[in-house]
Amino acid sequence: MISFNARGAWSIYQRELMRAMRTAFQSILSPVLTTSLYFVVFGSVIGGRMEPIDGVDYGAFIIPGLLMLTLLGETTNNSSFGIYMPRFTGTIYELLSAPVGVTETLLGFVGAAATKGLILAAIILGTATLFVDYTIVHPFAAIGYIMLVTASFSLFGFILGIWADSFEKLGIIPLLILTPLTFLGGTFYSIDDLPGIWSTLAFANPIAFLVSGLRWTFYGISDVSIWVSLGLTFGFLAFCVGVIAYIFKTGWRLRE
Amino acid sequence: MSEPILQIEGLTKVYSGGTKALDGVDLEIRKGEIFALLGPNGAGKTTLIAAVCGLVRPTGGTITAFGHDLATDWRRARARIGLVPQELSTDMFETVFRAVSYSRGLFGLAPDKARIEEVLRSLSLWEKKDSQIRELSGGMKRRVLIAKALAHEPDLLFLDEPTAGVDVELRKGMWEQIGALRQRGTTIILTTHYIEEAELMADRVGIIRGGRILMVDDKDSIMQRMGTTEALIALAEPLNELPESIAAFPVTLSEDGCELCYRGGNGQGEGSAEVAALTKALIAAGIDYRTIDVRDSSLEDIFVDLVSEHEEEAA
């Protein structure tokens with residue numbers, strides 16, 4: 001009894017990475033450019049007039065948030081495109097007719113997304129060293145957390161890519177929900193510093209927990225306990241896995 | 001009679017919009033044969049293939065391939081099935097070689113460059129192995145799809161309209177390739193609009209319409225059972241009455257007595273032989289004729305007859 005097609009999963013993984021390599025110039029240059037702009041504007045120009053937050057220089061303080069901003073956007077877009085395009089062009093027939101199930105498909109797609117996420121993170125952090133001095137307090141925790149977040153959001157993107165039936169829908173969630181929530185999620189400030197009710201309201205934003213979690217791995221400071229952030233991220237991951245398992249079970253938007 | 005490689009029982013498919021694409025299809029495919037599925041547009045050909053290949057979830061019925069139930073043991077069954085879809089859907093930016101290698105891996109086989117080379121060469125694609133698929137012509141793209149479907153060495157291959165939109169020259173090449181696959185022992189199920197194609201390639205023919213299989217039989221016996229020869233003989237002088245030696249043939253005389261029409265035979269040459277005998281009998285009876293026009297009915301005529309009969313029934 002064949003219960004798992006490892007070669008199938010590996011093939012999907014390789015192909016997804018290849019797809020990114022084809023547009024390597026864009027996938028590398030664009031985050032480098034965006035991050036540099038943020039560091040020039042917020043880190044150097046404005047940051048120079050800011051007080052350190054919790055003992056961390058403002059320029060360094062915004063690194064985890066900026067990293068999160070790019071990672072969430074890129075991972076979600078990448079993964080939603082990865083599954084939407086085959087549906088759009090019809091090449092999905094091959095995946096559906098192959099002896100691969102939900103496990104192989106997800107390992108392939110999500111594994112590739114997590115790999116791309118790590119590469120992207122390395123590029124952004126490398127770029128940041130040109131503008132700001134910083135040291136990462138818990139480097140392994142940072143790597144692990146980045147992988148966890150990219151895996152979760154590539155699953156989320158996967159769901160989006162299956163849900164979307166037009167390019168407009170494909171772009172709308174990252175644009176209208178993810179980006180604003182990340183901006184408001186404590187990327188540029190500590191949530192504790194928000195006045196009165198706002199600091200409470202800010203925690204209605206799940207992304208605030210992600211930014212706070214990543215910041216803890218960087219500098220050991222956070223708005224909420226790292227365990228809360230971890231729990232929330234794992235919860236989101238489990239939720240996405242559940243939704244995708246349900247999609248494959250019912251064939252929703254995949255198999256009529 | 002060889003063992004069945006694919007068994008379909010009571011297969012139905014009702015799409016969410018309410019369209020009943022398949023309505024209780026029973027079908028058995030034998031090992032090593034070429035089976036042609038004929039039917040007008042919207043008859044359910046593609047849905048039938050899609051249901052077997054896992055693109056569509058059946059509403060009811062069972063599909064068993066190589067003894068594996070497709071609902072439960074689909075991994076093992078699918079690993080041995082290849083599909084060439086009707087639409088030219090390919091990853092436009094991928095190179096031919098990589099696209100075909102990917103297909104092999106997806107179906108769980110270890111990389112094998114020699115095997116991929118063999119497939120590409122057999123489809124005259126080897127020179128294009130490093131080209132992006134978007135640079136290829138339509139006929140080549142179609143062959144890339146075939147190469148992808150063959151990359152995992154399937155025992156059962158579905159070809160959904162393999163020669164649709166392919167010019168005559170390429171179509172002949174495609175037929176040769178299908179013949180070569182059969183030589184290697186691959187069982188092939190193809191759907192087609194070109195009845196000529198079924199006539200040329202298939203061992204058995206199934207006719208589908210409105211989601212039902214109207215008839216399945218050996219192509220030869222369909223031709224034998226339903227095929228006819230028609231001969232129109234223009235007489236030199238009008239006849240009032242047929243002599244007995246002529247009336248023994250399945251012939252009718254036109255009203256003006258100028259034309260004799262023969263309709264008989266079995267689509268297997270019996271008709272032409274009978275027409276030859278008829279002409280001798282005419283000469284023996286002293287009846288002269290000016291022209292003879294003989295025509296064998298094709299699978300196409302049979303198909304059109306069958307389908308329109310059912311249309312009348314349904315009406």
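All values below were derived from every heavy atom in this structure, side-chain atoms included, with hydrogens, water molecules and symmetry-related copies excluded. Order of the sequence lines fixes the chain letters, A, B, ..., with proteins taken first and strands second; residue numbering starts at 1 for each chain.
- For a residue to count as touching a neighbouring chain, one of its non-hydrogen atoms must lie under 4.5 Å from one of that chain's; by this rule Leu95(A) touches chain B with backbone and side chain alike.
- We find the CZ-CG distance between Arg78(B) and Leu96(A) to be 7.5 Å, quoted to the nearest 0.5 Å.
- Separating the CZ atom in Arg75(B) from the CZ atom in Phe4(A) is a distance of 8.0 Å, to the nearest 0.5 Å.
- Every residue meeting the ring-ring contact (aromatic ring centres under 6.0 Å, His included) condition with Phe183(A), not counting sequence neighbours, appears here in chain and number order: Phe188(A).
- The most heavy-atom pairs under 4.5 Å with chain B, out of Pro86(A), Ala98(A), Ala9(A), come from Ala98(A).
- Within residues 105-116 of chain B, the residues having any heavy atom closer than 4.5 Å to a heavy atom of chain A are Gly105(B), Leu106(B), Phe107(B), Gly108(B), Leu109(B), Ala110(B), Pro111(B), listed by residue number.
- Residues of residues 89-104 of chain B placed with any heavy atom under 4.5 Å of a heavy atom in chain A are listed by number as Ser89(B), Thr90(B), Asp91(B), Phe93(B), Glu94(B), Arg98(B), Tyr102(B), Ser103(B).
- With a 4.5 angstrom heavy-atom cutoff, Met18(A) touches chain B only via side-chain atoms.
- Summarising the local packing, CZ of Phe88(A) is surrounded by 12 or fewer heavy atoms from other residues, nucleotides or ligands at distances under 6.0 Å.
- Contacts between Thr250(A) and chain B at a heavy-atom distance below 4.5 Å involve the backbone alone (N, CA, C, O).
- Counting non-hydrogen atoms of neighbouring residues, nucleotides and ligands closer than 6.0 angstrom, the CD atom of Glu135(B) exceeds 12 such neighbours.
- Among Leu88(B), Leu145(B), Leu55(B), the residue with the largest count of heavy-atom pairs under 4.5 Å with chain A is Leu55(B).
- Listed by first and then second residue, the side-chain hydrogen bond (donor to acceptor under 3.5 Å, both in side chains) pairs that reach into residues 42-60 of chain B are Tyr15(B)-Thr47(B), Thr46(B)-Gln86(B), Thr46(B)-Asp160(B), sequence neighbours excluded.
- Of the listed residues Ser11(A), Gly90(A), Gly251(A), the one with more heavy-atom pairs under 4.5 angstrom with chain B than any other is Ser11(A).
- Heavy-atom neighbours of Phe167(A) CZ from other residues, nucleotides or ligands within 6.0 Å: above the threshold of 12.
- Contact annotation for Glu104(A): only side-chain heavy atoms (C-beta onward) come within less than 4.5 Å of a heavy atom of chain B.
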